[in-house]
Amino acid sequence: MSEARIRVSEIFGPTIQGEGILIGLPTIFVRTGGCDYRCSWCDTLHAVDSDYRDQWQPMSVDEIWYEVMQLSGGKPLTISLSGGNPAIQPLGPLIAHGHREGYRFALETQGSVPKEWFAQLDVLVLSPKPPSSGMTTDWAVFEDCLRMAGGKPQIILKIVVFDEVDYAYAREASLRYPQLPLYLQPGNHTPPPPDNDDAPVDVDGVVERMRWLVDKVCDDRWFEPRVLPQLHVIIWGNKRGV
């Protein structure tokens with residue numbers, strides 16, 4: 001049987017990881033196409049909306065790896081598997097291949113599709129979507145994702161916060177999973193349309209929400225989470241491929 005192909009929206013880098021525990025780390029991004037969610041403020045609709053699936057290329061592991069090697073110059077880096085929701089793609093063989101070459105793999109997903117190959121990752125970022133997204137978290141399925149990981153990768157909880165309701169959701173999630181390091185970030189309320197990555201971003205508004213979030217956790221004496229920006233938004237706005 002031929003190897004299952006991976007739907008790829010884009011491969012780019014090296015650039016820095018813009019958010020979460022690996023912020024600032026030089027990284028190659030493999031962004032897959034397709035998602036089981038449709039968040040109201042999604043900033044990667046070109047990798048989510050099925051209207052753009054003709055731009056998603058079905059690729060073999062060898063084809064993806066050729067692109068990665070061209071970008072990295074053969075120097076092992078961290079590869080970020082993103083989307084859309086990369087968990088819906090058959091990424092196990094790619095991870096195994098990259099590990100043999102000395103690369104590390106980080107994946108971010110909302111925790112809605114558990115996969116056995118989560119246990120092969122080096123870093124698993126579980127980012128359940130708060131109420132502002134318009135999505136509903138199935139915590140039982142989220143638990144299945146944790147079980148699939150089996151405690152083998154480093155597991156991080158990351159939540160985007162737009163408002164007080166999201167903030168309350170983040171506090172509830174932290175109570176559910178006190179064992180997971182928690183990262184909070186303000187959301188980009190001016191995401192780009194999928195066909196225009198030059199669309200302006202309200203950086204001042206993003207920074208203002210960042211200040212609000214910092215003040216909020218400090219005033220509440222909630223000292224467990226780390227509050228970080230989306231660094232790539234501050235540096236490059238909505239530009240793709242960086």
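Residue numbers run from 1 in the order of the sequence given.
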**Student:** Atom NE2 in H99, atom CZ in R104: separation rounded to 0.5 Å?
**Tutor:**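 Here the rounded value is 7.5 Å.
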**Student:** Are any non-hydrogen side-chain atoms of I88 and C35 less than 4.5 angstrom apart?
**Tutor:**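 No. Closest side-chain heavy atoms not under 4.5 Å.
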**Student:** Can you find a pair of side-chain heavy atoms, one from C145 and one from T109, that are under 4.5 Å apart?
**Tutor:**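 No, their side chains stay 4.5 Å or more apart.
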**Student:** Atom CD of residue position E116 - does it have more than 12 heavy atoms of other residues, nucleotides or ligands inside 6.0 Å?
**Tutor:**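 Open.
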**Student:** Rounded to the nearest 0.5 Å, what separation is found between the CD atom of Q154 and the CG atom of L124?
**Tutor:**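 Nearest 0.5 Å value for the CD-CG distance: 10.0 Å.
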**Student:** Is there a side-chain contact between Q230 and V160, using heavy atoms and a 4.5 Å cut-off?
**Tutor:**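 Q230 vs V160: side chains apart.
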**Student:** Would Y183 and L228 satisfy side-chain contact (heavy atoms from CB on, under 4.5 Å), going step by step from the backbone distance to the final call?
**Tutor:** CA-CA 7 Å; Y183 287 74; L228 293 174; 3.7 Å; yes
**Student:** For the CZ atom on R240, are there more than 12 heavy atoms of other groups (residues, nucleotides or ligands in this structure) within a distance under 6.0 Å?
**Tutor:**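 Enclosed.
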**Student:** Can you check whether D49 reaches R38 side chain to side chain, under 4.5 Å on heavy atoms?
**Tutor:**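 Touching, per the 4.5 Å side-chain cut-off.
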**Student:** Determine the interplanar angle of the W65 and H97 rings, folded into 0 to 90°, and report it as parallel if under 30°, tilted if 30 to 60°, perpendicular if over 60°.
**Tutor:**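 The rings of W65 and H97 stand perpendicular, inter-plane angle above 60°.
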**Student:** Ignoring hydrogens and geometry, is there a side-chain-to-backbone donor-acceptor pair from S60 to E63 under 3.5 Å?
**Tutor:**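 Checking the backbone N and O of E63 against the side chain of S60, a donor-acceptor pair under 3.5 Å is found.
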**Student:** Measuring from atom CZ of R5 to atom CE of M59, what distance do you get when rounded to the nearest 0.5 angstrom?
**Tutor:**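 So the gap between those two atoms works out to 8.5 Å.
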**Student:** Measure the spacing between CE of M135 and OG of S112 and express it to the nearest 0.5 Å.
**Tutor:**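 OG of S112 is found 10.5 Å from CE of M135.
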**Student:** What is the distance from atom CG of L81 to atom OG1 of T32, rounded to the nearest 0.5 Å?
**Tutor:**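 Reported to 0.5 Å precision, the distance equals 8.0 Å.
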**Student:** Do L126 and Y177 have side-chain heavy atoms sitting under 4.5 Å apart?
**Tutor:**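 No, side chains not in contact.
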**Student:** Taking the side chain as everything from C-beta on, heavy atoms only, tell me whether E224 gets closer than 4.5 Å to P178.
**Tutor:**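 Heavy-atom side-chain distance check fails, nothing below 4.5 Å.
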**Student:** According to a hydrophobic-cluster definition based on side-chain heavy atoms being under 4.5 Å apart (Ile, Leu, Val, Met, Phe, Trp, Tyr only), do I234 and W236 belong together?
**Tutor:**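 No, separate clusters.
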**Student:** With clusters defined by side-chain heavy atoms of hydrophobic residues (ILVMFWY) lying less than 4.5 Å apart, directly or transitively, does V8 cluster with I79?
**Tutor:**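 In one cluster: yes.
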**Student:** Determine whether V68 and L107 fall in the same hydrophobic cluster, where Ile, Leu, Val, Met, Phe, Trp and Tyr are linked whenever their side-chain heavy atoms lie under 4.5 Å apart.
**Tutor:**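 The answer is yes; both residues are in one hydrophobic cluster.
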**Student:** Could you check whether any side-chain N or O of E101 sits under 3.5 Å from a backbone N or O of P76, counting only pairs where one atom can act as donor and the other as acceptor?
**Tutor:**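 Absent.
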**Student:** Check whether any side-chain heavy atom of Q17 lies under 4.5 Å from a side-chain heavy atom of T78, and answer yes or no.
**Tutor:**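 No. Closest side-chain heavy atoms not under 4.5 Å.
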**Student:** Test your reading of the model: is there a side-chain donor-acceptor pair from N238 to the backbone of P191, 3.5 Å cut-off?
**Tutor:**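 No: the side chain of N238 does not pair with the backbone of P191.
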**Student:** If you take all heavy atoms of F29 and I16, which pair is closest and at what distance?
**Tutor:**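 Heavy-atom minimum between the residues: CE1-O, 4.0 Å.
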**Student:** Would you say the side chain of S82 lies within less than 4.5 Å of the side chain of E108, judging by non-hydrogen atoms?
**Tutor:**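 E108 vs S82: side chains apart.
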**Student:** Return the minimal non-hydrogen interatomic distance between V141 and P114, and the atom names on each side.
**Tutor:**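 The answer is CG1-CD, 3.8 Å.
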**Student:** Walk me through whether M69 and Y103 qualify under side-chain contact (heavy atoms from CB on, under 4.5 Å).
**Tutor:** CA-CA 11 Å; M69 293 293 287; Y103 289 71; 3.5 Å; yes
**Student:** Are I155 and V125 connected in the hydrophobic side-chain network, where two residues link if heavy atoms are under 4.5 Å apart?
**Tutor:**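 Per the 4.5 Å side-chain linkage, I155 and V125 are not co-clustered.
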**Student:** If you compare all heavy atoms of S174 against all heavy atoms of W222, which two are closest, and at what distance to 0.1 Å?
**Tutor:**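 Heavy-atom minimum between the residues: OG-CZ2, 3.4 Å.
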**Student:** Identify the two heavy atoms, one from T190 and one from D202, that lie closest to each other, and give their separation to 0.1 Å.
**Tutor:**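 Heavy atoms of T190 and D202 come nearest at OG1-N, 2.9 Å.
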**Student:** Taking it one step at a time, do V207 and D204 satisfy side-chain contact (heavy atoms from CB on, under 4.5 Å)?
**Tutor:** CA-CA 5 Å; V207 172; D204 289 342; 5.8 Å; no
**Student:** I need the full list of salt bridge (Lys or Arg N to Asp or Glu O under 4.0 Å) pairs touching residues 18-36, with sequence neighbours left out, sorted by first then second residue.
**Tutor:**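 Only E10-R31, E19-K158 qualify under salt bridge (Lys or Arg N to Asp or Glu O under 4.0 Å).
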**Student:** Locate the shortest heavy-atom distance separating P194 from Y52; write the atom from each residue and the value.
**Tutor:**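 What the structure gives for the nearest pair is CG-OH, 3.3 Å.
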**Student:** Does one hydrophobic cluster hold both I64 and L121, with members joined at side-chain heavy-atom distances below 4.5 Å?
**Tutor:**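 Shared cluster, yes.
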**Student:** With sequence neighbours excluded, tell me which residues meet salt bridge (Lys or Arg N to Asp or Glu O under 4.0 Å) with R209.
**Tutor:**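 R209 satisfies salt bridge (Lys or Arg N to Asp or Glu O under 4.0 Å) with no residue once adjacent residues are dropped.
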**Student:** How far apart are the closest heavy atoms of G187 and F162, and which atoms are they?
**Tutor:**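 Shortest heavy-atom contact: CA-CZ, 3.4 Å.
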**Student:** I'd like to know whether I6 forms a side-chain contact (heavy atoms from CB on, under 4.5 Å) with V30, so could you lay out the CA-CA distance, the side-chain angles of the two residues, the decisive distance to 0.1 Å, and finally the verdict.
**Tutor:** CA-CA 10 Å; I6 298 165; V30 177; 5.8 Å; no
**Student:** What orientation do Y167 and W212 show, parallel under 30°, tilted 30 to 60°, or perpendicular over 60°?
**Tutor:**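 Answer is perpendicular, since the angle exceeds 60°.
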**Student:** Look up atom CE in M210 and atom CG in D215, then write down how far apart they are to the nearest 0.5 Å.
**Tutor:**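 If we round to the nearest 0.5 Å, M210:CE and D215:CG are 10.5 Å apart.
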